[in-house]
Amino acid sequence: MNLKNRTALVTGANRGIGFAIVNALLERGVKKVYAASRDVSKLPDFSDERVVPLELDINDRVQIGHAAEVASDVDLLINNAGVAAFTSLLTGPRELLERDMTTNYYGTLDMVRAFVPVLEDKQDAAIVNVVTIAAFANFPMAGGYSASKSALFSLSQGIRIELASRGISVHTVNPGPIDTEMAKDFPADKASPADTAVNILIGLENDEADIFPDAAGRQMFDVWNNDYRDLEKMVLDMHEAA
Ligand SMILES: NC(=O)c1ccc[n+]([C@@H]2O[C@H](COP(=O)([O-])OP(=O)(O)OC[C@H]3O[C@@H](n4cnc5c(N)ncnc54)[C@H](OP(=O)(O)O)[C@@H]3O)[C@@H](O)[C@H]2O)c1
């Protein structure tokens with residue numbers, strides 16, 4: 001995918017990886033970026049007239065519907081917003097485990113459902129879902145988060161197949177630890193959000209279905225890798241033959 005003259009929407013654009021993605025998109029010559037945040041007053045000053053602030057809580061379906069109307073020129077949807085409860089599946093508060101699933105899985109699903117009709121109108125459109133390497137193996141310190149992101153990875157595989165013949169490509173992004181507020185208490189070497197964002201966009205430009213934007217995440221994926229894409233391709237073949 002060529003990013004020049006694209007119109008993108010990035011959720012959770014007020015900080016962390018989302019903020020870095022907006023900056024990286026601007027550097028790569030996009031036409032416009034909707035910088036979505038659940039509180040637009042928290043958005044930093046991007047000092048660029050191509051940035052359009054958009055109030056959007058991905059757990060609010062009314063706001064999502066409104067966003068799909070306002071941002072009807074979008075041809076690149078980047079679902080970056082997410083939450084993580086660093087708590088145990090066995091003993092952590094159930095509400096926190098539910099919050100991970102509600103935001104990371106259902107919130108992203110609602111975004112996809114609202115924006116597919118918008119994207120379908122465009123040439124060569126794309127959906128990017130920011131998942132995590134913790135979707136590939138459950139990290140018990142954030143077990144509910146891992147589970148919610150595995151669900152998001154599976155969702156991404158499913159819509160990739162459904163949308164394959166409809167001109168919308170679907171990409172997952174699977175970082176290891178990145179130096180943001182979310183990972184502040186995670187004891188590990190962390191890649192910078194700025195480098196991560198640039199590598200995400202390089203992966204997108206190279207049409208990579210599953211993007212591994214930092215060294216630690218890539219290394220963990222290499223350890224895990226046992227040809228999971230074969231099953232995905234098989235399901236795609238079955239779907240196309242049906
Ligand atoms: N940091 C890592 O190590 C790491 C690794 C792998 C994957 N990821 C993923 O990367 C993405 C970005 O995370 P980050 O590291 O940049 O963390 P972050 O600094 O905590 O940023 C999270 C962003 O998501 C937004 N958000 C949360 N709930 C939302 C909702 N209901 N509606 C709209 N926006 C919401 C937050 O907005 P508020 O400011 O309003 O809360 C914030 O802008 C997440 O999906 C995360 O799971 C992060």
Side-chain angles (χ1 to χ4, degrees), residues 9-24 34-44 46 53-64 66-67 77-86 96 98-112 114-115 127-139 141-153 155-156 171-197 199-200 203 210-221:
L9 187 155
V10 182
T11 62
N14 54 293
R15 60 186 161 102
I17 297 171
F19 169 69
I21 291 173
V22 173
N23 284 321
Y34 292 96
S37 170
R38 53 184 165 179
D39 179 355
V40 284
S41 72
K42 284 198 212 157
L43 280 169
F46 289 95
L54 184 64
E55 189 151 301
L56 179 56
D57 181 332
I58 66 164
N59 292 334
D60 182 334
R61 270 178 283 164
V62 174
Q63 276 191 16
I64 289 177
H66 180 248
L77 172 65
I78 302 187
N79 288 310
N80 162 76
V83 291
F86 285 84
L96 285 185
E98 280 181 13
R99 193 189 65 155
D100 281 346
M101 195 59 85
T102 301
T103 303
N104 300 339
Y105 178 70
Y106 285 110
T108 307
L109 176 62
D110 287 334
M111 283 295 293
V112 167
F115 274 88
I127 296 171
V128 177
N129 290 334
V130 179
V131 188
T132 166
I133 198 63
F136 289 71
N138 195 288
F139 285 37
M141 65 183 301
Y145 170 72
S146 286
S148 72
K149 291 287 190 167
S150 289
L152 177 58
F153 190 90
L155 178 167
S156 306
H171 308 261
T172 68
V173 173
N174 304 283
I178 311 300
D179 193 9
T180 68
E181 179 70 21
M182 181 179 283
K184 69 180 190 314
D185 297 326
F186 188 73
D189 287 343
K190 294 167 201 163
S192 79
D195 288 348
T196 302
N199 289 335
I200 290 169
D210 301 308
I211 299 167
F212 298 87
D214 65 292
R218 164 54 72 178
Q219 196 183 12
M220 284 188 259
F221 172 73

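Ligands are counted one by one from 1 in listed order, and the atoms in each one are counted from 1 as well.
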With sequence neighbours excluded, residues passing side-chain contact (heavy atoms from CB on, under 4.5 Å) with Tyr105: Met101, Leu109, Ala151, Leu155

Are side-chain N/O atoms of Asp39 and Ser37 paired as donor and acceptor at under 3.5 Å? no

Modelled atom types, side-chain donor and acceptor of Asp214 and Thr196, under 3.5 Å: no

Between the side chain of Asn80 and the main-chain N/O of Val130, is any donor-acceptor distance below 3.5 Å? no

Keeping the roles fixed (side chain from Asp179, backbone from Lys190), state whether a donor-acceptor pair exists under 3.5 Å. no

Going by the angle between their ring planes, with limits at 30° and 60°, are Phe221 and Phe136 parallel, tilted or perpendicular? perpendicular

What residues sit with at least one heavy atom under 4.0 Å from ligand 1? Gly12, Asn14, Arg15, Gly16, Ile17, Arg38, Lys42, Leu56, Asp57, Ile58, Asn59, Asn80, Ala81, Gly82, Val83, Thr103, Val130, Val131, Thr132, Tyr145, Lys149, Pro175, Gly176, Pro177, Ile178, Thr180, Glu181, Met182, Ala183

